[in-house]
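In what follows, every chain begins at residue 1, and chains take the letters A, B, ... in the order their sequences are listed.
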Amino acid sequence: MLIWLFLAMNFIISEAVKGIKQLYNEDVAEGLLNIQDTRKEFEGQVTIVVFPIVRFSKKSPEQTGNDLGAYLLENVKEVTAFNVVKGFLNLSIDHEYWLNLFNTKLLSPHYGTFPSNGRKVMVEYSSPNTNKPLHLGHVRNNLLGYSVAELLKASGSEVFKVNLVNDRGIHICKSMLAWQNWGNGETPASSGLKGDHLVGKYYVIFDKEYKKEIDALKADGQTEEEAKKNAPLIKAAQAMLLAWETGDTAVIDLWKMMNGWVYDGFEVTYKNLGVDFDKYYYESNTYLLGKDSVEEGLAKGVFFKKPDGSVWIDLTEDGLDQKLVLRADGTSVYITQDLGTAQMKYDDFNMDESIYVVGNEQDYHFKVLFLILDKLGKSWAKGLYHLSYGMVDLPSGKMKSREGTVVDADDLIAEMVATAKEKTEALGKVDHFSEEEKSTLYYNIGMGALKYFLLKVEPKKRLLFDPSESIDFQGNTGPFIQYTHARIKSLLTKAGHTVGIQGFDRHFALTETELDMIILLDKFPAEITAAAAAFSPATLANYVYEVAKLFNKFYHEVPPIIKEEDAQLQHYRLNLSWVTAHVIKSGMRILGIEVPERM
RNA sequence: GCAUCCAUAGCUCAGCUGGAUAGAGCAACGGUUUUCUAAACCGUAGGUCAUAGGUUCGAAUCCUAUUGGGUGUACCA
């Protein structure tokens, strides 16, 4: 929050430190000084909180504020006035300072970009199962992962986006078995169904038939638990999994074919979501990994073996439990393969940091995983981070695939685009657009609304989505920000404006809103840094909204810029608009949202 | 039970490494278009920041307890 002030207002702090030395003969650390934006109702732009200084001045807060204010007014040329309200010293900074800042810093075409920081970061996200299509929960994951990756790139890191696909296991076999039994050779081509939806259909059929068998067995007197174990279908699925593991050709071929359908389907959804990956990992290749890590842990005495042969780690001293890392029969569990996969990813990329974008139901798992890697002495373990995000809830509660209460990703995307079309047509501004331009626009607006809706919320918070209410297009929304951008571009086009650094031969009296804009726009790089450090696109999303909102206020307050007769004033205001558009566009790009030139 | 996350306006959310009178959007009500795009702008109304203590000059923010909710606590992934 205050970071930008330490950048832009650094000189005020050091001057204040000098002032305290001179006034009270005390050497204080710069960190002691607390400065913030001046609240709207007071005069000034920068405020120093004087309470922390009072113990050095041994005077009242008011008196201290006045002393320091007088010193700064006297010794710092940018300070033009001050006032003290309670313990707050409000400073007015010369408009010339802000205008120079605007000219030299904000008008740079590279504004908001960072040079390489030399760090390599991996972001793992999406990580779908190949037995059913993606739903809204996956959408949040994908948009979040993509955006965090872009955020880290923007802040200067080299980023690898990876997708660890869960393409094997009993759940995959269920779809395969159901298709074998009841599919009659149905294919995406024969049915017109998208591949992932087709496979998902058979996953549901399996579940339905499985339940029938369970009910039948229960009717024969078995308990629920017995029935679940003894149902022929589940036994067949288990047998199929074994066959898969031994490389049975028929099963492998079926698996390849059906997974292929799913990948084709995912490809479409990913494309629509605008997400991409530098590398795919497949669990079918990694599920046997991790046994080396287990050996390593045993050798180092980090793990121990129980009499039955199973391997464990005792984490009770760290406030956690004992955790199994290898079954008694020598086979892997989930965490075994994650240990191995983590090592493999590090060997592949040598990254400094690795971000796992995974829902908060796996908080415990990652806590354990990272702790184990640390205990194994992996130097890179401290660079691991679980970006945990909250579930997407419906008004009825949690989404459940089995109960059919899921919001399907493809349906949602289609609905958003359709809604965008409807709303845009109702406004009647795009009738002269080409069909191609229209459909691109509808897509961008619909996805803009969806992406902004999901990304503006802090990742760790749960998110409520009500399918009966369409996502807003007004107010704090993606389309509002997109509209603001289009409006600015239209203005610049009409004015024939080309941005240029303008040497002012005089200074304008900035309006209050213009001053606010420069101050707000000046925070952009710090916002990127802060959002990247927090792995939170949400803070950036809210910042971009503030920028758009403030521009609209400015746009209404100021007389038509196109008709402005004072050429320098006009040029300056067009530049101000240009920077605003630049910040909006760059910020939205990080969120994965395209902003139209006109709409 | 234990662990962990969450609780701010009718609704959806900001604000949280302590700072001034807690902010937006939606919904409600009223106003703004012979002026550069009204998906906009301006205004009114709406709050015991879950509750109770504590630390502090100062707490929505930090600590403790309580209440309510989510998630986890498999030789599933």
Side-chain angles (χ1 to χ4, degrees), chain A residues 1-3 34 36 38-39 41-42 47 49-52 54-55 61 85-88 90 127 129 166 168-171 283 287 306 308-312 319-321 324-329 331-338 359-365 367 388 390-391 393 397-398 420 423-424 426-427 429 445 449 453 456-458 460-466 469 471-484 486-495 538-539 541-543 545-546 548-549 551-564 573-574 577 598-599:
Chain A
M1 172 183 74
L2 296 174
I3 296 167
N34 184 349
Q36 57 187 268
T38 301
R39 289 182 68 102
E41 58 268 40
F42 304 113
T47 293
V49 184
V50 303
F51 293 107
V54 168
R55 63 192 166 107
V85 181
K86 298 192 215 165
F88 299 87
N90 303 318
S127 308
N129 293 336
N166 184 348
R168 65 161 286 283
I170 189 76
H171 51 292
E283 281 194 22
Y287 80 108
K306 287 195 175 175
D308 67 358
S310 58
V311 181
W312 297 73
L320 306 174
D321 299 319
L324 175 98
V325 294
L326 196 70
R327 292 190 186 107
D329 65 7
T331 58
S332 299
V333 290
Y334 181 42
I335 202 151
T336 321
Q337 63 173 281
D338 263 4
N360 63 9
E361 73 273 14
Q362 295 199 36
D363 285 355
Y364 184 76
H365 171 75
K367 208 179 211 177
S388 165
M391 302 285 95
D393 289 323
K398 201 182 168 182
K423 292 193 189 256
T424 306
L427 291 172
K429 296 181 190 176
I445 294 174
F453 175 80
K456 76 169 175 176
V457 179
E458 203 56 40
K460 77 172 169 185
K461 297 247 180 132
R462 294 167 57 199
L463 199 144
L464 186 76
F465 176 81
D466 188 345
E469 287 179 30
I471 292 171
D472 276 325
F473 283 60
Q474 291 176 344
N476 188 358
T477 67
F480 168 85
I481 298 167
Q482 292 172 314
Y483 169 74
T484 306
R487 205 182 205 190
I488 296 172
K489 293 320 275 267
S490 163
L491 167 65
L492 296 178
T493 305
K494 282 187 180 163
T539 59
N542 285 296
Y543 168 75
Y545 168 66
E546 293 294 327
K549 196 166 63 142
F551 176 83
N552 280 306
K553 184 182 179 192
F554 159 78
Y555 188 81
H556 270 262
E557 277 177 3
V558 146
I561 297 168
I562 287 173
K563 295 182 181 165
E564 178 57 54
R573 285 189 170 149
L574 289 171
S577 304
R598 48 185 198 152
M599 69 185 269

Sugar-phosphate only, base, or nothing, as touched by A:Ile445 at under 4.0 Å among non-hydrogen atoms: base
Sugar-phosphate only, base, or nothing, as touched by A:Glu458 at under 4.0 Å among non-hydrogen atoms: sugar-phosphate
Phosphate-side-chain proximity, A:Lys460 and B:C6, N/O vs OP1/OP2 below 4.0 Å: yes
Any A:Lys461 side-chain nitrogen or oxygen under 4.0 Å from OP1 or OP2 of B:A7: yes
B:C75 OP1/OP2 closer than 4.0 Å to side-chain N/O of A:Ser310: no
B:C6 OP1/OP2 closer than 4.0 Å to side-chain N/O of A:Arg462: no
Sugar-phosphate only, base, or nothing, as touched by A:Asp308 at under 4.0 Å among non-hydrogen atoms: base
Sugar-phosphate only, base, or nothing, as touched by A:Met599 at under 4.0 Å among non-hydrogen atoms: base
B:U12 phosphate, OP1 or OP2, under 4.0 Å from A:Lys456 side-chain N/O: no
Residue-phosphate contact under 4.0 Å: A:Arg168 side-chain N/O, B:A77 OP1/OP2: no
Minimum-distance nucleotide (side-chain atoms of A:Gln474 versus B:C36, B:C26, B:A20): B:C26
Sugar-phosphate only, base, or nothing, as touched by A:Leu427 at under 4.0 Å among non-hydrogen atoms: base
N or O in side chain of A:Arg487 less than 4.0 angstrom from B:A38 OP1/OP2: yes
P-based separation of B:C49 from B:A20 [nearest Å]: 15 Å
